[in-house]
Each structure stands twice: as C-alpha cells, then as structure tokens.
Amino acid sequence: MALSYFPSAALVGSPQPTVESSPKHLTEGVQEAYIQHKNRLLKALDNTKSILGTFATCECRILPFPKRKGARRSLSFPDDPSFQADVIVTPAKAGLTRSVTLATIPDKEEESSAETEEDGDRLVSSAEASDFNVFRLDLKLGAHGSSSSPAALVAQLEKSSIANLLDDRILNAANHLDKLRSRVEDTSSKVLVTGDLNAGKSTFVNALLRREVMPVDQQPCTTAFCEVHDAKENGGMEEVHVVKEGTTYSVKDESTFTRSSLSDLESIVSENENEAQILKLYLSDPRDPQASLLSNGIVDISLIDAPGLNRDNTHTTRVFARQEEIDVVVFVVSAENHFTLSAKEFLMNASHEKAYLFIVVNKYEQIRDKAKCKRLVLEQIKQLSPRTYEDAEDLVHFVDSQQALHEDSSSFASLESALRSFVLVKRSKSKLAPASTYLTKLLSDVDLLVGANAIVAQTELERARDDINRVRPVLDKMKHGREALEESLEFVEEQGASRTRLRTKELLTDAVDRVGQGKLGVDAASVSLPSYPGLTGIWDYAREVRRALIASLDAGIKLVEDEARIVTTEGVNKISELGDKHLPEGVERPRRVFMPEAMFSARTNKKSNRRSRQASRAVVAGGIYGLGIGLAQRPDMLETTFFDLFDVNHQFWVHFGDGKEESDEATVSTLGYASVGLGALTMVGGKTIGARGIIEGVIRLSHLFENETARKWAAPVIGAVTIGLATYFVLELPSTIPRTVGRRIRASLAKEAEEKGEEGSFVGAHAARISRETRKVLRLASWDVREQFRGALDERGREVHGAEEMERRTLKALENFSVFEQRASEVRDSVMSINSE
C-alpha cells in the first residue's frame, strides 16, 4: 500500500510520495519520519503556547466580532459608539503571510462568491480562514437570526466582556496545547470507538478482536469506558482492572484499581450501569502481528469503547471531554439511523483538531436500498468532515460487524486493513495530524485576532493623534493665557471695589455737607422738608425737619447702593467677557445668574431659616442686619431737643468767639443778640435761678422801676426786646431751625468719626460696606470663571495625556502585533511543512 495518505492534491506544490517497499523497510522509514515530524511538531506546540501567553498579557488587545456588511467587516462596540472601522476580508493563502482579516458571526445565510483558490489543497478552508475556529464564541440563545442570536448577542457586548470571553478561550487553548503535547510525546496510540446508542460499537470492537469480550445486548449496556490493551502490558495476563475513582491508574500500583476476570465483565457493567467507570481490559490476540491491530509489534494500541452519545447529557459530556485525549476517532453510525444531532455535534467539535475521522457505517447489510443509504450518509459526512469525505474510500466503510464476528467479510477485512494502515503505517497522520490541524486552526485564529487588533490599534492611533492635534493647541493657549486671565480678573475686582468706595465717599460727604446747611442730603422725590406750621407747632416742626434731613441721608445711601449695583453689573459683564475670551469652545459657561437687586438685601437666619424679628420694622438702605448704620432707625438721631430751636452754643461762638467754627456766617443781625439773651435767660432762668430767684428778681425789678431814670429807659428797652422777639419768631425762625438741626446732625456724625475713626464714621463705614459688597459679588463671579477655566484646563490636560498614552500604547501594540504575526507565520509554515511531507 502506498505511503501517501492524503489525496494527491492535499497541499499546493507538495506532491505526496508514493513509496512501495518491504514491511521492514517501510516500518523503519515510517518510524524515522514520524520521529522527525514529532520533534518539529513539539517545537511548534511550544512556540504556539508562547505566542498565546504573550498575546494574553498584551496591554492593547480587543476581541473583534464585527458586524458583517456585504464584503466588508465593520468594527463597532456598544461602549464606544464613536469607534468604527471597515475592513475588507482577504483570507490567507497557503504558505503566505496572512493579510489583515476579521471574523464574523453571520446572522443569515449569504450567497457564496466564486473562490479564486481551491479549498482542496489546504487543511483549513478559505471559509474557515476568514472566521474563528478555536476562538469562536458559541452563544446559543434563541433561534438563528433572532435578537438573541450569536451575532446579536456579540454586537451588544462591550469590549471588556468580549475580552473576558477571549481570555477564557485563550486559556482553554493553552491547556489543550499541553494535552496535545502529552499525546504527541506518548509512544502509544489511543483509538476511541464511539457513536450513538445501539449503533453496534461493542459488536464492532468484538469483531476487531475476533472474540466476544464486550457485553452486547439489544438494549444499551455499555455505560463505562472500556479500554482494551495488549495483555503483554500486564505481564501476559488477561484480566479486568476496575479503576478506583479519584486515583491515577497505574498497572504497577494495585491500590489504584481492583482486579477481576474477563468472565465478570458483563456483570460489572450491568451492576454499575449508572456509574461513571473506567475499565482496563488486558487481552491477548494470537493472530500474526501483521494482521492484529492490538498486538501489532510496532506501537502500543488501546481501543476505547465509549458509552453512547445520546444516552444522557452526562455521558455525552464525558465522551466530548475524553475525545481531547484521543489520537484516532472511530465513529460508528447505524445505517438505519444515520447521524443524529448528538453525533453531528460531536463530529463538529472533534473536527477542530481532527480533520480526518474513521467512520464505520454499521448494520449495512440489513439495509435493502444500499445505494440510497450510502449516498445519504456520504452527503452528511461531506458537511460534517470535508477531509474525511475527500478520502472516503479509505476512511468511510459500510460493514456489518455482527456478520464479520461469525464469518469472514471482505468489507470488514478492507476496514481492518485501512484502520491498521491509518493507525500504524500513517501514524504521522493519525497521531500527529490532529495536533497539526488544531495548531493550524489556532494559528489562523491568532492571525485573525492579531490582524483585527492591529486595525483597531491603527484606528485608535489615528484617533489619538487627531485628538492631540486638536486639543494640544487649546491646552497651550490656555496655559499661556492663565496668568493674563488672573491679572484681568483681579483688575476688574479692584477697579469695581475702588470705584464704589470713592463714589460712596464723594456722594455721602456732599450729602452731609448739604444737611449741615439745612438742605436735603440728596434730591429725592420721596423726601422733602416739612412746611412751617406756625409758632404753635414749632416743636413738631423741628422734629419733622430732623426726620427729613436724616431720611435724605438714608436716601443718599440708597442712591450710592444703586450706583454700586450698576458698577457691579458692569464688572460682572466684563468678567463674563473675559470668560468667553479665555475659555475654549465647548466648555460650559458659569450658570450663576447675577441679580443686582439682591445686593445689600436682608440676610436670612440660617439656624431658624426665618428672617430676623426686626424684619417687621421699616428697612432702609444700610439699616439693619449688619449692613451699616440706618440713621432713620437710630433713636439718638431722631430725638428732638430745645437746642434744635435755639443753638446757643453756635451763636455764642459766632458772636463772641473768633468766628472760626462757623465760617459760613457772614453777618450778625440784631436778632442774634436777642436770641443770645433769650438763650442765656432760658439757661439761667430755667436751671439756675429757680422759683425763689424769679420772685426776688421781680421784687428787684419793682424797686428798679421806682427809680425815675430806670423808668425812663425801661419802656424803650422793653419795646425793643418785644419787637425783636416778635420779628425773630415770625421771620427767621422757620429758616433757622433746618440749619440748626442740620448743624447738630453733622456735629453728631463728626463726633462719631472722632470716636470711631475713619472706618467707623458714617461715610467711611458705608464706603467700606458698599465696596465690600461689590468686591464680594465680583470675586464670586471671578471664582466661577476661574473654576471653569481650571476645570477646562485639567480636562484638556487629561485629554492630551490620555491621547498621548493611547498613542504610546497603540504604537507599542502595533509593534507587538507585527512580532506576533511574524512568529505565527513562522510556526504556521513549520506546521504546514510537516503536513506536506
């Protein structure tokens, strides 16, 4: 039989050798080639595991499962909707470095396009090359094409979730590589015989052994894994070893198993049909090594009779897990039932690493329409394992194991020859090909993954550079303008506070001077001097004059407060303009709204959240709540005295002093003397003389009038005094009282200034208060702009830093991806060279 196993077109440019030789020469040549292939494959396994380990720790990787759009693949993720990249898919060609490709999970069947390359020359087809094999996410929820289909589910996953799923796949792949390495290093070969229930697996094993060893029944009876070994491995003794649960079996360690005879096998299986057992059967095959598979004289072979796939989920899962340890899968299918859903799923899973399966269609002789049965079975095999279908002549056999057990069968003899050749002569293919196939698919996935991540990295690199070019000039401009903004804000604050302070001093000083002259401090419609009611209401007149003059000063305070509001508004607008000038576009402007009417308003009691009890009183500008001194609310300023009518002290200094105190009095009338005399008389008569003095004065005056000379002068003097008093009360008293009251108010304010200093004076206190309120508002507006500027500066700094970090990371990632692609290409070429030999 020719050495070549694969079809002549299996690999491009690598025609298969067809060597005919003697069995001894054939065995030696095959063994030597096998050892070479094994060593190269072990090295490829180690290199692939190293690539996986390095890729798993790469700091820039994303698992791209893009949506398919016609002939293009579009990368997009729910957690990053701004990112999207379209890539044209170009599957890799054999022996060439793969171009960048992406994988998809199609939502519906698509029309296949004409391929420029034949798939028969590759272990991995172009359809497989453009999609994931090992790393595929098997998300099975709902009907295909529904919102819960794999494509829809993956499209809804975030990058982090997809990356976590990828980590699991990479970890599983690395673990499987370790198992493959152990299998490749193992000198023996494990042949798994599996299939559906009642497919005739045990009968087939008995036919291979040419003796009835495995229990056979019309109902399913084999629930354990029965591993058949050559008795030579057990010192030539035929017996059954029941492996103890939880132990690692060793034929030399009797603590790991229980011995039984072959005659007890059926009872062991039937009594423990619900237990997961592993049975080791050691049998002797007296046939010639050239005819026996078990005692072949070349390789230690173990035949494993597995439970049926569709018995229950537990047994099916055990078979699925066990097949990863197997070198050759012999799948027994009933000609009556063909391939069930469990059989198809098993074969699809096994095809990840085993491109070639040995399929036995049992009970074939019982089928009447054999041609139809053979056609239907081969069509199913073509879908499940294309490579097996291509070599169906050697790998697919239609037999009747029950018939072959009792009589010679040419079809079963052909099966035995093909299976022996596949397991022994073509051992490089049966034992090494599964590992090389798995490596090829895994490296194809790595290549897809690396290529897709390279696209993502390149797109992110371009986006990072665009962000840097967009944000860095803004950041530099803000850094250079930060000091200018601070100076401008401070200037606006200081200018506003200074203007209001100077204006307050100017206006209130002028108002106090006007009040000292008996005029209203400011011209306000709400304040006016009262009219003179006559001599009988002179006292009320003096009181109302005092109230009016004080109210005019409070009106002056209100006036400067209004002017301060205007100045403050101008300052706030300037600060807003500075913010527009220095804050970059896209930055939210301060939301605080300036309300000028809220300046100098009453404060709220924070503890009780209620206004002070004094709120019920009349509120004037600068009055209560700590905003300043409200003159109209001060009892001492509203108190009316006799001196508001006759200012003795003022008149004394005017007439008898040096005239320096009242420089505004240019002339002194006769009425002035009368007022002095009347004032002196009032002081002396009211407080000093008393009632007795008045009586004595009257007596003395009577004595005085007894004198002729005194009587002569008394009449003119009394007349003059009477006329002077009448003139004073009628003509000058109404205009003198406002000046007198005004002088006293001004004198009171001046006295307070002397006692409290400039800052405590009426003008100084209000100037400081209004200036302070203006500065507070402007500083608050400036603080808003500063905070917005600082936040924008920090945000732009973080953006630039993030973009620079992204640029550094993606550049490093692109460099790593290039290395990954090169390493994967080298390993893939090495594996493909093994397959081509």
Side-chain angles (χ1 to χ4, degrees), residues 474-475 477-511 522 524 554-606 611 619-630 759 763-796:
V474 177
L475 179 63
K477 181 181 178 181
M478 293 183 70
K479 287 182 177 179
H480 293 152
R482 177 167 51 186
E483 186 174 350
L485 176 62
E486 287 290 338
E487 292 178 354
S488 299
L489 292 176
E490 291 178 0
F491 174 77
V492 172
E493 292 177 24
E494 187 61 34
Q495 184 185 48
S498 299
R499 284 182 59 188
T500 54
R501 182 175 60 254
L502 294 176
R503 179 57 180 163
T504 300
K505 286 185 176 181
E506 177 184 356
L507 195 149
L508 292 184
T509 300
D510 181 67
V522 294
D554 285 343
I557 297 173
K558 181 65 171 60
L559 180 61
V560 294
E561 286 180 349
D562 291 339
E563 291 188 6
R565 290 186 177 94
I566 297 175
V567 173
T568 305
T569 301
E570 294 175 355
V572 170
N573 292 335
K574 289 181 181 179
I575 291 173
S576 179
E577 292 174 359
L578 288 174
D580 293 336
K581 178 181 178 181
H582 290 272
L583 290 175
E585 295 182 2
V587 176
E588 185 180 10
R589 296 315 190 247
R591 296 183 178 181
R592 198 189 307 272
V593 178
F594 171 57
M595 300 176 63
E597 60 273 14
M599 292 180 65
F600 315 109
S601 61
R603 300 299 190 263
T604 301
N605 190 333
K606 294 182 179 180
R611 293 186 178 274
V619 179
V620 296
I624 56 176
Y625 304 107
L627 292 181
I629 303 174
E759 294 298 324
V763 174
H766 282 289
R769 175 181 66 84
I770 294 175
S771 174
R772 184 167 58 251
E773 185 78 2
T774 301
R775 185 185 297 275
K776 182 177 68 174
V777 173
L778 295 179
R779 181 162 296 174
L780 186 60
S782 298
W783 183 87
D784 287 340
V785 173
R786 287 189 180 96
E787 283 300 300
Q788 290 294 108
F789 185 85
R790 182 190 61 78
L793 186 65
D794 293 343
E795 179 65 24
R796 298 304 179 276

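Along the sequence shown, residues are numbered consecutively beginning with 1. As the structure is a computational prediction, the values presented were derived from the model and not from experiment.
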Quiz item: Atom NE2 of His480 and atom CZ of Arg482: how far apart are they, to the nearest 0.5 Å?
Solution: 10.0 Å

Quiz item: Hey, is CZ on Arg499 packed in by over 12 heavy atoms from elsewhere, all under 6.0 Å?
Solution: no

Quiz item: Any side-chain heavy-atom pair from Glu570 and Ile566 closer than 4.5 angstrom?
Solution: yes

Quiz item: Can you tell me how far the CD atom of Gln788 sits from the CG atom of Leu583, to the nearest 0.5 Å?
Solution: 6.5 Å

Quiz item: Which is it for Leu578 and Val492 under the side chain to side chain contact (heavy atoms under 4.5 Å, CB included) test, yes or no, and what are the steps along the way?
Solution: CA-CA 10 Å; Leu578 288 174; Val492 172; 4.2 Å; yes

Quiz prompt | Considering all heavy atoms, the nearest Leu489-Ser782 contact | solution = CD2-OG, 3.9 Å

Quiz prompt | Check: Val587 main-chain N/O paired with Arg589 side-chain donor or acceptor under 3.5 Å | solution = yes

Quiz item: Do you know the tightest heavy-atom contact between Gly556 and Leu507?
Solution: O-CD2, 3.7 Å

Self-check item: Inter-residue atom distance His766.NE2 - Arg772.CZ, 0.5 Å rounding
Solution: 11.0 Å

Quiz item: Hey, is the main chain of Glu506 close enough, under 3.5 Å, to the side chain of Asp510 for a donor-acceptor pair?
Solution: no

Quiz item: If you look at every heavy atom in Leu508 and Val763, which pair is closest and at what distance?
Solution: CB-CG2, 3.9 Å

Quiz prompt | Spacing of CG belonging to Asn573 relative to OG1 belonging to Thr568, to within rounding of 0.5 Å | solution = 11.0 Å

Exercise. Considering only NZ, NE, NH1 and NH2 on the basic side and carboxylate oxygens on the acidic side, decide whether Asp554 and Lys558 come within less than 4.0 Å.
Key: no

Quiz item: Should Arg592 and Glu787 count as an ion pair when the cut-off is N to O under 4.0 Å?
Solution: no

Exercise. Start with the C-alpha gap between Gln495 and Ser498, add the side-chain angles, then the distance that decides, and say whether side chain to side chain contact (heavy atoms under 4.5 Å, CB included) holds.
Key: CA-CA 5 Å; Gln495 184 185 48; Ser498 299; 5.9 Å; no

Practice problem: Begin with the C-alpha distance, continue with both residues' side-chain angles, and end with the deciding distance and a verdict on side chain to side chain contact (heavy atoms under 4.5 Å, CB included) for Asp794 and Arg790. | Solution: CA-CA 6 Å; Asp794 293 343; Arg790 182 190 61 78; 3.1 Å; yes

Practice problem: Would you indicate whether Glu483, at its atom CD, is surrounded by more than 12 heavy atoms from other residues, nucleotides or ligands within a distance under 6.0 Å? | Solution: no

Quiz item: Between the main-chain N or O of Ile770 and the side-chain N or O of Glu561, is there a donor-acceptor pair closer than 3.5 Å?
Solution: no

Self-check item: Salt-bridge present (Arg565, Glu597; N to O < 4.0 Å)
Solution: no

Exercise. Work out which heavy atom in Gly496 is nearest to a heavy atom in Leu778; give both atom names and the distance.
Key: CA-CD1, 3.9 Å

Quiz item: So, does Ser771 use its side chain to make a donor-acceptor pair with the main chain of Thr500 at under 3.5 Å?
Solution: no

Self-check item: For the student: nearest non-hydrogen atoms of Asp784 and Pro590, plus distance
Solution: CB-CB, 3.8 Å

Self-check item: Separation between CZ of Phe594 and CE of Met599, rounded to the nearest 0.5 Å
Solution: 5.5 Å

Self-check item: Over all atoms of both residues, closest heavy-atom pair of His582 and Met478
Solution: O-CG, 4.4 Å

Quiz item: Atom CZ in Arg503, atom OG1 in Thr774: separation rounded to 0.5 Å?
Solution: 13.5 Å

